[in-house]
Amino acid sequence: MQIQFCNCQYNHRRRRRVTQLITLSNERRNVAPPGTVRGLLQAVAKMMSEESEPMRHIDLGSPSLEQPAAGHWFPGPPPPVYSCTLTPELVAKAREELQEKPEWRLRDAQALRDMVLKEQPNLRTRLDDAFLLRFLRARKFDYDRAMQLLLNYHTSRRAWPEVFQDLKPSTVKHVLDLGFLTVLPHPDLNGCYILCLRPGKWKANDYPFEDNIRAIYLTLEKLIQPEETQVNGIVILADYTGVGLSQASNPGPFLAKKVVSILQDSFPIRIKAVNIINEPRIFKGIFAIIKPFLKEKMAERYVLHGSDLRSLHRKIPQSVLPEEYGGVARHLDMSAWAKTLLDSEEEFIVEFCQPDPLEGVVLPDSMLFEGEQPGGGARDDDTFRGLRSQLYYCY
């Protein structure tokens, strides 16, 4: 359960009260009826509203194209008690594209909550409306598919402890300082925030590749908080300048498959497009590693632009791109998003630095990553040897 904290320093007494409420919520999460959970959330909201210090302002309206102040341009976390923040235009879009009916929204969240309590009573997961709606929207309000996505979401944490253990922004500060990723301050014309990746900034001897995945995952968790992102989705812009053989061959097919599995099947976000620019010839080998694990619909969303910025501008308007990519939105600023993540340390501690949510839960073998099943790792090693030769050939 996420708790909204003030921008300013809060005192020890307040932190102790929030911690007590969080602990109580964790103890009751799997057995308390929805009304009790709502009562707890309302108590947290009342307690925080009574504080004299001002709360973080949340503005989910259409973003201005004026240069935002560092660390203050992205919407804050949702309030403890759910209240729809979608504009009328986004409500209509959600109805058309996601089969979301405003009059049934809370009923649908309750139905998914009932499924979790009935089918997986030992699963330690958030059950508040705002959280469950992420999964319903990602699967177009199909209860069964949303339930499967929620289980996959938690299963992925157990399958990849190197990524999910002690997952919080301070543990990936070195990745953020390197400039490996950022989020552009303005969404595109469809309202999609743009996740900008620069894999060429990373070298194999800098730190483990899994640290990059940790930073990406934390970014996705932050991006999915606003309801507008849940409806509009995101766009990925990957700049492959400087990528050589060492970066391309380091992840291997096993890690590539895990990343793709998380993005496609285990995280409640809609990836609308993946734009690749400045890709070297070796990218053919990189894509050969990734493509076998992509669903056809996702593979069709990959667009290779090379060094042709005009091609990129046909997909992402110049008005939201930095000067480095032929845009007019000033220089690429890596610090603003880093500050946004680092300022969210508390909420990620509450969300991720907790006991294993699947402890005591029995899942079928079909839900495990292939590498965890007998013989899965050996098959991946054989695949990697074949694909590595393609990388050398392309290079």
[Y] versus [X], side-chain donor and acceptor atoms under 3.5 Å:
X      : Y      : result
Asp144 : Gln148 : no
Arg157 : Tyr153 : yes
Asn212 : Tyr207 : yes

Exercise. Report the residue from Arg113, Arg107, Arg134 that forms a salt bridge (Lys or Arg N to Asp or Glu O under 4.0 Å) with Asp129.
Key: Arg113
Quiz item: Just one of Lys168, Lys222, Arg126 clears the salt bridge (Lys or Arg N to Asp or Glu O under 4.0 Å) bar with Glu351, so which one?
Solution: Arg126
Determine yes or no for a side-chain-to-main-chain donor-acceptor pair under 3.5 angstrom, with [X] supplying the side chain and [Y] the backbone.
X      : Y      : result
Thr219 : Ala215 : yes
Gln318 : His313 : no
Gln230 : Ile224 : yes
Glu100 : Ala94  : no
Thr87  : Leu90  : yes
Arg214 : Gln165 : yes
Asp206 : Lys203 : yes
Asn190 : Cys192 : no

Exercise. Name all pairs fulfilling the ring pair (Phe, Tyr, Trp, His ring centres under 6.0 Å) condition that reach into residues 215-244, sequence neighbours left out, sorted by first residue then second.
Key: Phe164-Tyr217, Tyr217-Phe267, Tyr240-Phe283
Quiz item: What salt bridge (Lys or Arg N to Asp or Glu O under 4.0 Å) pairs are there with at least one residue in residues 263-277, not counting sequence neighbours?
Solution: Glu97-Arg270, Asp265-Lys295
Practice problem: Kindly give the heavy-atom pair with the smallest separation between Phe135 and Ala146, and that separation in Å. | Solution: O-CB, 3.6 Å
Practice problem: State whether Asp177 and Lys173 are salt-bridged, where the test is any N-O pair (Lys NZ or Arg NE/NH1/NH2 against Asp/Glu carboxylate O) under 4.0 Å. | Solution: yes
Quiz item: Does Glu103 come within less than 4.0 Å of Arg95, counting only side-chain N to carboxylate O?
Solution: yes
